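Within every chain, numbering begins at 1; the chains are lettered A, B, ... in the order of the sequence lines, protein sequences first and strands thereafter. Any value given below was found using the heavy atoms of this structure, including those in side chains, with hydrogens, waters and symmetry copies removed. Values in this document were obtained by computation on a predicted structure and should not be read as measured data.
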Number of protein chains: 2
Amino acid sequence: MTTPAYSTATNRTAANQAVTDRTATHRTPAAGTPPYSTELARLAALLADRTRAAFCLALLDGRAWTAGELAAYAQVAPSTASEHLTRLTEGGLLVERRQGRHRYLQLAGPHVAELLESLTAHLDPPQGAPRGLRAVSASAALARGRTCYDHLAGRLGVAITDAMTARGLVDQDGGFALTDAGRDWFTDALGVEPADLRTGRRPQARGCLDWTERRNHLAGTAGARLCDGLLDRRWVRRIGSGRAVRLTDAGAAALQELLGLDGAAAGLR
Amino acid sequence: MTTPAYSTATNRTAANQAVTDRTATHRTPAAGTPPYSTELARLAALLADRTRAAFCLALLDGRAWTAGELAAYAQVAPSTASEHLTRLTEGGLLVERRQGRHRYLQLAGPHVAELLESLTAHLDPPQGAPRGLRAVSASAALARGRTCYDHLAGRLGVAITDAMTARGLVDQDGGFALTDAGRDWFTDALGVEPADLRTGRRPQARGCLDWTERRNHLAGTAGARLCDGLLDRRWVRRIGSGRAVRLTDAGAAALQELLGLDGAAAGLR
DNA sequence: GAGTCCCTTCGGTACGCACCGAAGACTCGC
DNA sequence: GCGAGTCTTCGGTGCGTACCGAAGGGACTC
């Protein structure tokens with residue numbers, strides 16, 4: 001009896017051989033497997049379930065949801081949701097904050113949002129007409145403007161990014177970066193000091209592929225500061241409690257002045 | 001008998017209700033589930049298996065492997081590998097090319113490489129000493145220089161990127177982008193026309209987080225052209241048949257001249 | 001044409017896990 | 001305190017699937 005080439009001597013423990021010698025089924029934890037494949041599989045497995053994926057996508061709005069809200073959203077029993085949420089938290093994708101009888105859950109940070117973005121960006125094309133029609137009519141407001149974790153997305157986010165690119169504040173030619181002029185603009189227009197743009201290892205500017213527009217909008221530290229700034233000044237306001245936002249009259253005027261952006265022409269109003 | 005809140009009327013088909021009314025187990029394909037969660041889960045599921053993850057990581061070197069090679073690498077039976085490879089191909093992550101009795105497999109494109117990068121970048125920290133010691137001593141050459149899909153990585157890739165950044169050819173301050181000076185450099189130093197740097201929707205420059213260095217190296221179109229250029233000129237050569245590369249004498253001199261990069265000091269030789 | 005090699009298909013096994021309901025733990029409000 | 005509300009734990013069920021060996025189909029070699 002010869003050992004097959006793919007089954008190295010260290011591949012199974014003696015105990016396992018005794019039990020599953022003839023009918024070898026699942027591979028044992030393995031000694032000589034290629035590095036990182038187990039870790040990668042474990043990370044992917046966190047998102048490889050429709051319910052958990054739905055949770056994460058819902059949390060992409062950057063806010064904290066309760067366990068119950070998420071369960072209702074994904075249409076599963078509270079007990080099921082609870083188990084999934086524990087798993088996502090232990091896997092490092094979510095953080096939780098217990099408050100009274102509620103368990104609030106949130107993405108563990110911008111890095112998780114970026115991870116989700118890069119995955120969703122590689123999904124099949126947006127599924128054509130049927131879904132589009134329904135989705136668009138059901139959420140025209142979302143397509144017009146919304147938050148994406150901590151920055152602006154939708155037509156609003158893309159239009160602002162385009163205007164900044166046209167003015168040389170953002171460089172989309174050679175990649176995606178904030179220019180020197182862009183840093184000055186943040187100081188002059190929004191009062192954001194350059195130091196506030198460099199926090200740790202997070203990049204100042206990052207392109208984030210927009211779901212609805214299939215174009216880049218500004219993310220990274222600068223994207224977050226921009227979103228904060230516009231919300232603070234009431235140039236942009238949240239619609240209801242969701243992630244949809246709208247441009248206010250004052251905001252339209254301000255963007256016209258600061259970026260030469262015509263809100264009406266860009267379909268933002 | 002009341003219907004629980006999370007179980008909408010459209011949630012189950014009549015047939016399913018008849019069969020699994022009391023002991024409801026798996027949720028049916030679902031009508032009213034949040035958009036994209038199913039697609040995201042399906043994509044993640046492709047990588048949520050150690051064997052498939054190992055295949056993809058192996059293919060990150062950009063070359064085409066045969067099904068048998070991959071099976072041996074991941075230590076599974078050929079039949080098992082075959083099934084996984086079919087699934088990865090149908091899922092769009094791999095492309096295959098049948099040639100004689102061989103089935104060659106390759107990543108489906110730079111977008112898949114980028115997807116894998118962004119996932120691996122978010123893995124747990126490199127696991128500390130035990131694995132580090134073994135891995136480092138076993139693959140010092142890999143740490144020194146290697147290809148990462150179609151560009152350079154390892155100390156070599158990071159050192160070149162740093163040198164380009166210091167010379168103002170790459171902007172890592174505001175994000176990650178090739179500057180105007182950088183485009184000129186590609187023309188002057190490598191004879192790469194600006195038009196060759198803009199192919200389709202792939203960004204010219206992208207930061208790719210290095211596994212071993214935990215720092216960015218140059219990826220995107222520019223990264224690919226750079227790698228091609230250095231290999232063509234024999235400034236960098238492949239070691240054996242793997243993904244490891246080494247800097248040649250001529251290469252060290254050239255990089256010294258073109259980028260002021262001291263190969264010996266950077267630990268590249 | 002026979003033998004070899006590479007891969008695929010098929011049947012069968014067993015494990016992982018997503019799901020639910022019921023019961024318990026804990027908080028809040030009256 | 002007592003009830004209502006939120007979440008967790010536990011037991012139980014069944015599907016999905018990762019795995020293997022054996023057998024079969026092409027494609028090269030001689």
Reference residue A:Gln99; test side chain to side chain donor-acceptor pair (under 3.5 Å); the match among A:Arg97, A:Arg103, A:Glu96: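 That would be A:Arg97; it is the only one of A:Arg97, A:Arg103, A:Glu96 passing the side chain to side chain donor-acceptor pair (under 3.5 Å) with A:Gln99.
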Considering only [options], which nucleotide approaches the side chain of [X] most closely?
X: A:Arg98; options: D:dT8, C:dC7, D:dA18; value: D:dT8
X: B:Arg52; options: D:dA18, D:dC20, C:dC6; value: D:dA18
X: B:Thr66; options: D:dC20, C:dC7, C:dC6; value: C:dC7
X: A:Asp49; options: D:dG21, C:dG21, C:dC19; value: C:dC19
X: B:Arg87; options: D:dT17, D:dC19, C:dC19; value: D:dT17
X: A:Glu83; options: C:dT8, D:dC10, D:dT6; value: D:dC10

Side-chain touch B:Leu40/A:Leu57, heavy atoms, less than 4.5 angstrom: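 Yes, their side chains come closer than 4.5 Å.
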[X] [atom1] to [N] [atom2], straight-line distance once rounded to whole Å:
X: A:Gln75; N: C:dC20; atom1: CD; atom2: C1'; result: 15 Å
X: B:Leu46; N: D:dA18; atom1: CG; atom2: P; result: 10 Å
X: A:Arg50; N: D:dG16; atom1: CZ; atom2: P; result: 12 Å
X: A:Phe55; N: C:dC19; atom1: CZ; atom2: C1'; result: 12 Å
X: B:Glu69; N: C:dC5; atom1: CD; atom2: P; result: 16 Å
X: A:Leu47; N: C:dC17; atom1: CG; atom2: P; result: 15 Å
X: A:Leu105; N: D:dC7; atom1: CG; atom2: P; result: 9 Å
X: A:Leu70; N: C:dC19; atom1: CG; atom2: C1'; result: 17 Å

Rounded distance (nearest 0.5 Å) linking atom CZ of B:Phe55 with atom CH2 of B:Trp65: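 Answer rounded to 0.5 Å: 10.0 Å.
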Greater than 12 external heavy atoms within 6.0 Å of B:Arg234's CZ: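 Counting neighbours around CZ of B:Arg234, 12 or fewer heavy atoms of other residues, nucleotides or ligands fall under 6.0 Å, so no.
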Would you say [X] places a side-chain N or O within less than 4.0 Å of OP1 or OP2 belonging to [N]?
X: A:His84; N: C:dC17; answer: no
X: A:Ser79; N: D:dC7; answer: no
X: B:Arg103; N: C:dC6; answer: no
X: A:His102; N: D:dC7; answer: yes

Parallel, tilted or perpendicular: rings of A:His151 and A:His217 (30°, 60°):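 A:His217 vs A:His151 ring planes: tilted.
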Name of the residue among A:Leu209, A:Asp210, A:Asn216 meeting side-chain contact (heavy atoms from CB on, under 4.5 Å) with A:Glu213: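 Single side-chain contact (heavy atoms from CB on, under 4.5 Å) partner of A:Glu213 among A:Leu209, A:Asp210, A:Asn216: A:Asp210.
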Residue met sooner reading DNA chain C from 5', once A:Arg101 and A:Ala48 are mapped to nucleotides: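 The answer here is A:Ala48.
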Closest-nucleotide ordering on DNA chain C, the 5'-leading residue of A:Thr80 and B:Ser82: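 Counting from the 5' end, the first nearest nucleotide belongs to B:Ser82.
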Sugar-phosphate, base or nothing in reach of A:Thr86, heavy atoms under 4.0 Å: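 It contacts nothing in the nucleic acid.
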